[in-house]
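Encoded as structure tokens, the structure appears first; notes follow it.
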Amino acid sequence: MIALEVTDLLKRYGEATAVDRISFSVAAGSVLALLGPNGAGKTTTVEIAEGFRRADGGTVRVLGLDPADPALRPRVGVMPQAGGAYPALRVGELLSLFASYHAHPLPTPDLLSRLGLEQVARLPFRRLSGGQQQRLSLAMAVVGRPELVFLDEPTAGLDPQARQATWDLIRCLRTDGVTVVLTTHLMDEAAQLADDVVILDRGQVVARGTVPELTHGTGLIRFTAPPGLVLADLEASLPPGSTASETTSGSYVVQGSAGPLLLAAVTGWCAQQGVMPGHLQAHRTLEDVFLELTGRELRA
């Protein structure tokens, strides 16, 4: 069953094309990470799926319905990156208010406890830290037991403990059959949580697949060692076509055909030189793929 289906979606703002005929789908009960640099079209795509904007072309179906259909309101949860709360209301009151909009909400005390908010339940929203506001926004998005939930940067500004609690809640949502569409700039978050990944750049889909599918292929080995290793000697010991570079002082990248021979060549050469490689990483990460596809230049 498909929970979200985007087909040939087009959205323009004046002369600028924000979303350029993109297509993808999200299976029910799965987590999709929608990734891309600033200006890639992520927010516009999600806002159309949430029913806040209208498309200029193509179609979007959310749980089989038009995103603007009022019947979706009790079935879809939305977590904005900021805002969405009454600043003077207390935390517990806010969550209870949102719970009252739904027929079968989650127990609010349990949700407050799970997200570490029980100690601030009597504080007004405006007195919460940024991280606490983020966690409350997540609670308000899921308290109604949605079938599909959109999460925009759910762990922005969170400390490691709160981040792990948020990840655990997202995993529980998936276990309960909830579909999650997640936008994030944290590649490790996407790698940890997502069943599928869609990468957008300049309004177009540039990659789609699972994390293993996107990171397979060309071998990439990273390690740290004393600066100034003789890279020509290292390359001479590697399989044909491999390259080595010192990206920053003491940080090295070796690239070549994926497989155990490349790793053995690197570690063997280090052993011959009496070098102990540190922080050895023998695969491409999702961040490597993201930067290869979207570039390394800063975006506005």
Q) If Ile, Leu, Val, Met, Phe, Trp and Tyr residues are connected whenever their side-chain heavy atoms lie under 4.5 Å apart, and connections chain through other members, are Val62 and Leu34 in the same group? A) yes
Q: Please assess Leu231 against Tyr252 for the test side chain to side chain contact (heavy atoms under 4.5 Å, CB included), listing each intermediate value before the final yes or no.
A: CA-CA 9 Å; Leu231 297 182; Tyr252 298 88; 3.7 Å; yes
**Q.** Check: Ser96 side chain, Gly92 main-chain N or O, donor-acceptor pair, under 3.5 Å
**A.** yes
Q: Go through Ser113 and Asp110 one step at a time and tell me if the side chain to side chain donor-acceptor pair (under 3.5 Å) criterion holds.
A: CA-CA 5 Å; Ser113 176; Asp110 292 349; over 6 Å; no
(Q) Just so I know, are the side chains of Leu238 and Leu261 near enough to count as touching, which here means a heavy-atom distance under 4.5 Å? (A) no
Q. Could you state the interatomic distance from CD (Glu153) to CD (Gln134), rounded to the nearest 0.5 Å?
A. 8.5 Å
Q: Taking atom CZ of Arg127 as the centre, report whether more than 12 heavy atoms of other residues, nucleotides or ligands fall under 6.0 Å from it.
A: no
Q) Rounded to the nearest 0.5 Å, how far does CZ of Arg222 lie from CZ of Arg284? A) 10.5 Å
**Q.** Distance (rounded to the nearest 0.5 Å) between Glu189 CD and Trp167 CH2
**A.** 6.0 Å
Q. Between the side chain of Glu47 and the main-chain N/O of Gly51, is any donor-acceptor distance below 3.5 Å?
A. no
Q.
Given 3.5 Å as the limit, does a donor-acceptor pair link the side chain of Lys42 with the main chain of Gly36, or not?
A. yes
Q) Just wondering, do Cys172 and Arg114 contact through their side chains at under 4.5 Å, heavy atoms? A) yes
Q. Ignoring hydrogens and geometry, is there a side-chain-to-backbone donor-acceptor pair from Thr179 to Gly29 under 3.5 Å?
A. yes
Q. Between the side chain of Thr44 and the main-chain N/O of Gly41, is any donor-acceptor distance below 3.5 Å?
A. no
Q) Between Asp66 and Arg54, is there a salt bridge with N-O shorter than 4.0 Å? A) yes
Q: Could you pull out the closest heavy-atom pair between Leu234 and Ala244, with the gap in Å?
A: CD2-CB, 3.7 Å
**Q.** Straight-line distance of Leu148 CG to Leu32 CG, nearest 0.5 Å
**A.** 10.5 Å
Q) When rounded to the nearest 0.5 angstrom, what is the spacing between CD in Glu50 and CZ in Phe150? A) 5.5 Å
Q. For the residue pair Thr210 and Asp196, what are the closest heavy atoms and their distance?
A. CG2-OD1, 3.8 Å
Q.
Tell me whether Glu235 at atom CD has more than 12 heavy atoms from other residues, nucleotides or ligands lying less than 6.0 Å away.
A. yes
Q: Compare every heavy atom of Arg122 with every heavy atom of Arg90, then report the nearest pair and how far apart it is.
A: NH1-NH2, 2.8 Å
**Q.** Any side-chain heavy-atom pair of Val289 and Val197 under 4.5 Å
**A.** no
Q. With distance as the sole test, does Gln132 use its side chain to make a donor-acceptor pair with the main-chain N or O of Leu117 at under 3.5 Å?
A. no
**Q.** Test item: Thr166 and Leu138 side chains (from C-beta on) under 4.5 Å apart, heavy atoms
**A.** yes
Q) With side chains defined as the heavy atoms from C-beta onward, is the minimum distance between Met79 and Asp152 less than 4.5 Å? A) no
Q. For Leu229 and Pro226, which heavy atoms make the closest approach, and how far apart are they?
A. CG-O, 3.6 Å
Q.
Within this structure, what is the CG-CD distance for the pair Leu262 and Gln255, rounded to the nearest 0.5 Å?
A. 9.5 Å
Q: Please tell me if the side chains of Thr285 and Thr215 come closer than 4.5 Å, counting only heavy atoms from C-beta onward.
A: no
Q) Stepwise, does the side chain to side chain contact (heavy atoms under 4.5 Å, CB included) test hold for Leu35 with Leu286? A) CA-CA 10 Å; Leu35 308 179; Leu286 188 57; 3.9 Å; yes
Q) If Ile, Leu, Val, Met, Phe, Trp and Tyr residues are connected whenever their side-chain heavy atoms lie under 4.5 Å apart, and connections chain through other members, are Leu280 and Val253 in the same group? A) no
**Q.** Side-chain heavy atoms of Thr43 within contact of Thr183, under 4.5 Å
**A.** no
Q.
salt bridge (charged side-chain N to carboxylate O under 4.0 Å, His left out) for Glu5 and Arg61? Distances and angles first, verdict last.
A. CA-CA 5 Å; Glu5 187 165 18; Arg61 289 292 177 266; over 6 Å; no
Q) Linking I/L/V/M/F/W/Y whenever any side-chain heavy atoms sit under 4.5 Å apart, do Phe24 and Leu10 land together? A) no
Q) What closest approach, in Å, do Ala49 and Leu4 show between heavy atoms, and which atom pair accounts for it? A) CB-CD1, 4.1 Å
Q. Backbone N or O of Leu158 within a donor-acceptor pair of the Arg135 side chain at under 3.5 Å?
A. no
Q: Apply side chain to side chain contact (heavy atoms under 4.5 Å, CB included) to Arg163 and Leu186, showing your working.
A: CA-CA 11 Å; Arg163 185 182 180 198; Leu186 302 175; 4.0 Å; yes
Q. Is the side chain of Glu147 donor-acceptor paired with the backbone N or O of Ala28 at a distance under 3.5 Å, no angle test?
A. no
Q.
Using the rule that Ile, Leu, Val, Met, Phe, Trp and Tyr join whenever any side-chain heavy atoms are under 4.5 Å apart, tell me whether Val78 and Val142 fall into a single cluster.
A. no
Q. Under the 3.5 angstrom rule, does the side chain of Asp69 hit a backbone N or O of Leu72 as a donor-acceptor pair?
A. no
Q) Does any non-hydrogen side-chain atom of Pro37 lie less than 4.5 Å from one of Asp201? A) yes
Q: Can you see which heavy atom on Ala33 is nearest to which on Ala190, and at what distance?
A: CB-CB, 3.8 Å
(Q) Is it true that, when you exclude Arg208 itself, more than 12 heavy atoms of the residues, nucleotides or ligands shown sit nearer than 6.0 Å to its CZ? (A) yes
Q) Sub-3.5 Å donor-acceptor pair from the side chain of Thr224 to the main-chain atoms of Gly278, do we have one? A) yes
Q: Determine, stepwise, if the pair Met140 / Leu95 fulfils side chain to side chain contact (heavy atoms under 4.5 Å, CB included).
A: CA-CA 6 Å; Met140 291 189 294; Leu95 191 57; 4.0 Å; yes
Q) With the 4.5 Å side-chain cut-off for hydrophobic clustering, are Leu128 and Leu97 part of the same group? A) yes
